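As structure tokens, the structure follows; a few thoughts come after it.
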Amino acid sequence: MFGLTIMTVWLFGISIMDMKKQKVPLWMLVIGGGLTLMVLAYEAVNNNVGYIHILQGMLPGGILLLAAAATKKAGYGDGIVLLYLGMVSGKSFLLMGISLFFISVYSIILLVFRKAGRDYTIPYLPFLAVSWMIVVYP
């Protein structure tokens, strides 16, 4: 539980940076990677994690990274953060689904009220943070 709390604090910090600058700083990704390794090491010592669990959690983050490379529309930082969260929680498909639902509702609202157009960019990490709170702390 302590590891999930640390990841939550990190996720909200990086989400705020994503909202303000529309970029994810590399040093925050490095910190997140270190936190992820610490949480996984703790869980491995307590026999609470398996390799299949970690690999399944990495799949949506890997898909988002491939989409970022192919389209240049998604951010690499978003994929890396989803990769980390999936490794720790194992619920990355649920995280990605809920966050995409929220961002699509937000996008529809912006389009209906003509506050944004086709080229408007929306930061993904705040929606991922909200879905993290829903999935990890029900």
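What you are looking at is a predicted structure, and each value in this text was computed from that prediction instead of being measured. By convention here, the first residue in the shown sequence is residue 1.
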P126 and M19: which non-hydrogen atoms are nearest, and at how many Å? CG-CG, 3.2 Å

Is there a path from I16 to I122 through hydrophobic residues (I, L, V, M, F, W, Y) whose side chains come within less than 4.5 Å of each other? no

Output for pair (L40 CG, L35 CG), nearest 0.5 Å, gives 11.0 Å

Tell me whether V81 is reachable from L59 by hopping between hydrophobic residues (I, L, V, M, F, W, Y) whose side-chain heavy atoms are closer than 4.5 Å. no

Does any pair with a residue in residues 29-46 pass side chain to side chain donor-acceptor pair (under 3.5 Å), and if so which ones, sequence neighbours excluded? Y42-N46

Could you state the interatomic distance from OG (S89) to CG (L82), rounded to the nearest 0.5 Å? 8.5 Å

Distance (rounded to the nearest 0.5 Å) between L65 CG and M58 CE: 9.5 Å

Heavy-atom check, side chain of I14 versus side chain of V24, under 4.5 Å: yes

Go through the steps for D78 and L64 under the test side chain to side chain contact (heavy atoms under 4.5 Å, CB included), then give the verdict. CA-CA 8 Å; D78 300 334; L64 191 56; 3.9 Å; yes

Would you call Y76 and L29 a side-chain contact if the rule is heavy atoms closer than 4.5 Å? no

Identify each donor-acceptor pair in which a side-chain atom of residues 93-117 lies under 3.5 Å from a protein atom, sequence neighbours left out, and give them as a table.
from	atom 1	to	atom 2	distance (Å)
S99	OG	L95	O	3.0
S99	OG	M96	O	3.0
S99	OG	Y124	OH	2.5
S104	OG	L100	O	3.1
S104	OG	F101	O	2.7
S107	OG	I103	O	2.8

Give the cluster check for I134 versus F127: same hydrophobic cluster or not, with ILVMFWY residues linked at side-chain heavy-atom distances below 4.5 Å. yes

List the atom of V88, the atom of H53, and the distance in Å for their closest heavy-atom pair. O-NE2, 4.2 Å

Rounded to the nearest 0.5 angstrom, the CG-CD1 distance for L26 and I31 is 10.0 Å

What pairs meet the side chain to side chain donor-acceptor pair (under 3.5 Å) rule with one or both residues in residues 7-22, with sequence neighbours excluded? T8-W132, T8-Y137, Q22-T121

V9 with W27, same ILVMFWY side-chain cluster at under 4.5 Å: no

Please round to the nearest 0.5 Å and tell me the distance separating atom CG of L85 and atom CD1 of I80. 12.0 Å

Please say yes or no: joined through hydrophobic side-chain contacts below 4.5 Å, possibly via intermediate residues, are Y84 and I63 part of one cluster? no

